Novice: 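Starting off with a structure, shown below.
As the structure lists them, so they are numbered: ligands from 1, and atoms in each ligand from 1. This structure is a prediction, so every number in the text was calculated from the model and none was measured.
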Amino acid sequence: MPSQSVSTPRADILVIDDTPENLNLLSAMLTEQGYKVRSVTKGSTGLRGATAAPPDLILLDINMPEMNGYEVCEHLKANERTREIPVIFISALGDVLDKVRGFAVGGVDYVTKPFQVEEVLARIENHLTIRRLQKQLQTQNEQLQQEIRSRQLAEERFAKAFRSSPNPIAIATLEEGRFIDVNPSFLRFCGYSLEEVIGHTATELDLPSASQTLAYTIQKFQEMGSLHNQEVEFCTKTGELKTILLSIEFIDLANVQCTLLIANDITERKRLENEFISLVSHELRTPLTSIMGALDILGAGKLGTMSEQAQKVLSIATSNTERLIRLVNDILDLERMKSSKIVMHKVKCNAADILVQATEAMQAMADNAQVQLVVNPLNVELWADSDRLLQTLTNLISNAIKFSETGDTVWIGAEVIEDKENFLSASSCASNRLLITVRDQGRGIPEDKLQTIFERFQQVDASDSRKKGGTGLGLAICRNIVQQHNGRIWAESTLGEGSTFYVLLPLASS
Ligand code: ADP
């Protein structure tokens, strides 16, 4: 075996033997092999040395005065600092019982004198290797324990955050949307027990207030990969309608694709907001009507003729008052629709008639803006409140004209399509629907605004209401009307190329 350099000894070995000849022989043999050797002749001295600076291995004689090898070994094993040091007994006592006792007090090996140098060296090397591996295992074990502890801690933290979150949180499978875990806030929010929720879908529990909204939300989520603060209405177990902001993310749980749903209950905030808006609007209506009346009197010249400049000022005041009245009326209209104070009077009506009427109503505006209107009416019957549907279409056409350039065209059309995805019905069979489209060549709508423009007061550009005279309520009203017809409204657009608004409605026969 090649000896190693003095600066890096192979291991530190303590030899305890009261016979100087043995001690010298062992020391010389081990030093030659590159070990660092400490040798002592007394058990008590050996114990002190081992405690002060624990060696990697101890060679221990048995027959010694004062304290024999067995006792020394017992002391070593009783001490925390020296317990793990491998002890090899080297003794002239060759009796089996001596060996057994040696092992019983904690020795790892037993060599009888006279010994073969190679054998002793081989045994030392073996036990040093075993000890090294033991140490490695111990370290790995400690690291694993540490990792388990930190994982347990992280899991505990996550579980606590999940359980005590004030926001309703649910985890559902991606494929079927079955709930696999929900937090106490979720149960409080929907009124169901854990047993009633786990394993079921939102639709099975009748949570979504309108199936088409949920279908649309899920479709959007799948297209975009995540969803943030989408306003959705939910029904609780007791039938109470709640408004939430829903965020959805994909998560992988042990190779099962899941969705993490986090809700923010804004029902109360919405109620207060609606109450405030409706109160303010009501309060505004009376003075506005009176201002408009006064402006009419002034405009009619009943109080004397006005200079040209005064007439200009009057015309600005009149158009802005009209805009305010429009805004207040829209707000009240929407509020009444939302609180179901407006009932849709659905009758059998002809789609072609409504499309033509809506186009005719907007013809003057189109002429003013030098935009061409092209209508392709379709002669099919549908169940609808024709006034409200007309209101929807005129609003869509008016927007299309507003956001078009001079010389552009707006197409109004309709077709009967097969509703394979069943956006409008809970049944699984496909059925025919009427799809109305209003397409323009205008500035287009950015992708991230395609959904929000259907919310109240949402505009692509903050200057839209000033520049285009809108209120930001038209599409919210349209969506409400369409939803009350069990329909769906959405938009597609390419920036700079134009937008298409779609209205999907059930046909009269279905
Ligand atoms: P407004 O009264 O402001 O038109 P709407 O609710 O009808 O209110 O529309 C909301 C916003 O959606 C508009 O202000 C505009 O920013 C955008 N928008 C609606 N229709 C179109 C369209 N055809 N092209 C481009 N942007 C549109």
Novice: Classify the contact between I445 and ligand 1 as side chain, backbone, both or neither, using a heavy-atom distance cut-off of under 4.0 Å.
Specialist: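 Answer for I445: side chain.
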Novice: Return the minimal non-hydrogen interatomic distance between L314 and L295, and the atom names on each side.
Specialist: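 Heavy-atom minimum between the residues: CD1-CD2, 3.4 Å.
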Novice: Taking distance alone, with no angle check, do F403 and ligand 1 share an N/O pair under 3.5 Å?
Specialist: no
Novice: Does E175 have more than 12 heavy atoms from other residues, nucleotides or ligands lying within 6.0 Å of its CD?
Specialist: no
Novice: Please confirm whether F221 and F250 have ring centers closer than 6.0 angstrom.
Specialist: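 Centroid separation for F221 and F250: below 6.0 Å.
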Novice: Are a donor atom and an acceptor atom from the side chains of Q152 and R149 found within less than 3.5 Å of each other?
Specialist: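 Note: Q152 and R149 side chains miss the donor-acceptor criterion.
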Novice: Look only at interatomic distance and state if Q458 has a nitrogen or oxygen under 3.5 Å from any nitrogen or oxygen of ligand 1.
Specialist: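 There is no such contact.
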Novice: Find all atoms of ligand 1 within a distance of less than 4.0 Å from any non-hydrogen atom belonging to N395, and give their numbers and elements.
Specialist: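 So the atoms of ligand 1 that pass are 7 (O).
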Novice: Which one holds for L396 and ligand 1: side chain close, backbone close, both close, or neither close, with close meaning a heavy atom under 4.0 Å?
Specialist: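 None of L396 does.
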Novice: Take every heavy atom of K449, measure it against each atom of ligand 1, and state whether any distance is under 4.0 Å.
Specialist: no
Novice: Heavy atoms, side chains only, cut-off 4.5 Å: are L473 and D333 in contact?
Specialist: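 Side chain of L473 against side chain of D333, heavy atoms only: no contact under 4.5 Å found.
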Novice: Near L473, which atoms of ligand 1 are under 4.0 Å from a heavy atom of that residue?
Specialist: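 Selected atoms, number and element: 6 (O), 8 (O).
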Novice: Is the shortest distance from a Lys or Arg side-chain nitrogen in E84 or K135 to a carboxylate oxygen in the other one below 4.0 Å?
Specialist: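 No, E84 and K135 are not salt-bridged.
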Novice: Against heavy atoms of K402, which atoms of ligand 1 measure under 4.0 Å?
Specialist: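 Under 4.0 Å from K402, ligand 1 has these atoms: 1 (P), 2 (O), 4 (O).
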Novice: Which of the numbered atoms in ligand 1 are below 4.0 angstrom from a heavy atom of Q459?
Specialist: 1 (P), 3 (O), 11 (C), 14 (O), 16 (O)
Novice: Is there a donor in the side chain of Q391 and an acceptor in the side chain of D387, or the other way round, less than 3.5 Å apart?
Specialist: no
Novice: Consider every N or O of G474 and every N or O of ligand 1, then say whether any pair is closer than 3.5 Å.
Specialist: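 Yes - when backbone and side-chain N and O of G474 are compared with those of ligand 1, one distance drops under 3.5 Å.
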Novice: Counting only nitrogen or oxygen atoms and a 3.5 angstrom limit, does V460 reach ligand 1?
Specialist: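 Right, the criterion is met.
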Novice: Is F501 touching ligand 1 with its side chain, its backbone, both, or neither, if touching means heavy atoms under 4.0 Å apart?
Specialist: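 The side chain, only.
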Novice: Do D56 and R131 sit within salt-bridge range, that is, some charged N less than 4.0 Å from a carboxylate O?
Specialist: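 Not counted as a salt bridge, because no side-chain N and carboxylate O are separated by less than 4.0 Å.
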Novice: Will you find, in the side chains of E196 and S193, an N or O donor that is under 3.5 Å from an N or O acceptor?
Specialist: yes
Novice: Report, in ascending order of atom number, the atoms of ligand 1 lying under 4.0 Å from any heavy atom of S499.
Specialist: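 Checking each atom against S499, I get 24 (N).
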Novice: Does at least one non-hydrogen atom of G442 fall below 4.0 angstrom from an atom of ligand 1?
Specialist: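 Under 4.0 Å: no for G442.
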